[in-house]
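Remember, it's 1-based here, ligands and their atoms both numbered in the order they're listed.
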Amino acid sequence: MFDAKLKEAQDAIARALSDRMAGLGADRVAEGMRYATAGGKRLRGFLVLEVARLTGGDAGAAMQAACAVECIHAYSLVHDDLPCMDDDDLRRGLPTVHRKWDEATAILVGDALQAFAFELLADPVTGDGDQRSELVATLARAAGPRGMVLGQAQDIAAETAATPLTLDQITELQANKTGALLDWPVVAGAILGRADPAPLRRYARAIGLAFQIADDILDVEGDVEKTGKALRKDAGAGKATFVSLLGPGAAKRRAKALIDEATAALVPYGPEAETLKQLARFVISRDQ
Ligand code: GRG
């Protein structure tokens, strides 16, 4: 049931992205944008759609916001894969954008995806003026120098730090690097449904951290074929992760406890929040 719902949302988001990008032409940057936004689990987009549904937000506006967050996410992966960052050749089972084309193209594709995300949010179909300006401001904050970019900078700095990061420092880094962009979909859905985002943000914070712990576990125990990306990179780089600091058993228990916390935060929404509960469980049971 959950798998079918996720698949339905993945297909709908793919169609919407293709529709929104249809007018971009066939130049190399536009082709790269389509390539970079193809595939993936669409967790961030799915979260926007589900929270908007739960809070009574407009479905068309939610799809627009889902496309915007998937564009920001894709940009972050394209830039993260560059040789000057994580230097990866494989993403979602295919050559990374700089391997398929070149580094200049990958930088421009990331830049273009970021700008395009805000163009989508500014479009009148995304809501009234107040909703659009709130969506733009909150996404800029989540993706920018106090959110994802800060987390990425903290991660890069940790590579050359004299001592490995502590658990608290890793938790803060991950809250910025991946947590902020998993928190935003919930905020966006609540903006569209004119709902209080506070309980839903407790849910998002818990699944954001659980997502990262699951990613660290996958890096150690995962299958390259299934994940479609290079693995065992953390240990190779001597990086402190949730798994290296807690050990695999305690890391899994922590992830499970976070899913229980996420589920508890949904109690006020009753049975309507069942899909979000299932999504929380999916985050730690996924194999890709
Ligand atoms: C370059 C500014 C800048 C930021 C990059 C998010 C990020 C910051 C880098 C990604 C590095 C990475 C692999 C982090 C682990 C967690 C993560 C975001 C994994 C990829 O997200 P998924 O699993 O990907 O949702 P799909 O392919 O399913 O969309």
Gln64 (side chain) donor-acceptor with Thr126 (main chain) under 3.5 angstrom: no

Min heavy-atom dist Glu70 to ligand 1 below 4.0 Å: no

Atoms in ligand 1 flagged as close to Gly40, the criterion being non-hydrogen separation under 4.0 Å: 26 (P), 27 (O), 28 (O), 29 (O)

Closest to atom 21 (O) of ligand 1 (judged by heavy-atom distance), picking from His73, Gln152, Gln10, Met148: His73

Close-contact set for ligand 1 against Tyr75 heavy atoms, below 4.0 Å: 2 (C)

Distance, nearest 0.5 Å, that separates NZ of Lys5 from CE of Met1: 4.5 Å

Atom indices of ligand 1 within 4.0 angstrom of His79 heavy atoms, with elements: 1 (C)

Common cluster, Leu276/Val187, ILVMFWY with side-chain heavy-atom separation under 4.5 Å: no

Ring-face cation of Arg44 near Phe211 (centre distance under 6.0 Å, axis angle within 45°): yes

Proximity of Thr178 to ligand 1 by residue part, where a heavy atom lies under 4.0 Å: side chain

Heteroatom distance test (Arg92, ligand 1): nitrogen or oxygen, under 3.5 angstrom: yes

Location of contacts on Lys41 toward ligand 1, heavy atoms closer than 4.0 Å: both

Location of contacts on Leu77 toward ligand 1, heavy atoms closer than 4.0 Å: side chain

Leu200 with Leu139, same ILVMFWY side-chain cluster at under 4.5 Å: no

Any N/O pair Arg91/ligand 1 closer than 3.5 Å: no

Close side-chain approach of Lys41 and Phe46, heavy atoms under 4.5 Å: no

Under 3.5 Å: donor-acceptor pair, side chain of Arg42, backbone of Ala9: no

Between Thr171 and Asp168: side-chain donor-acceptor atoms closer than 3.5 Å: no

Nitrogen or oxygen atoms of Gln212 and ligand 1 under 3.5 Å apart: no

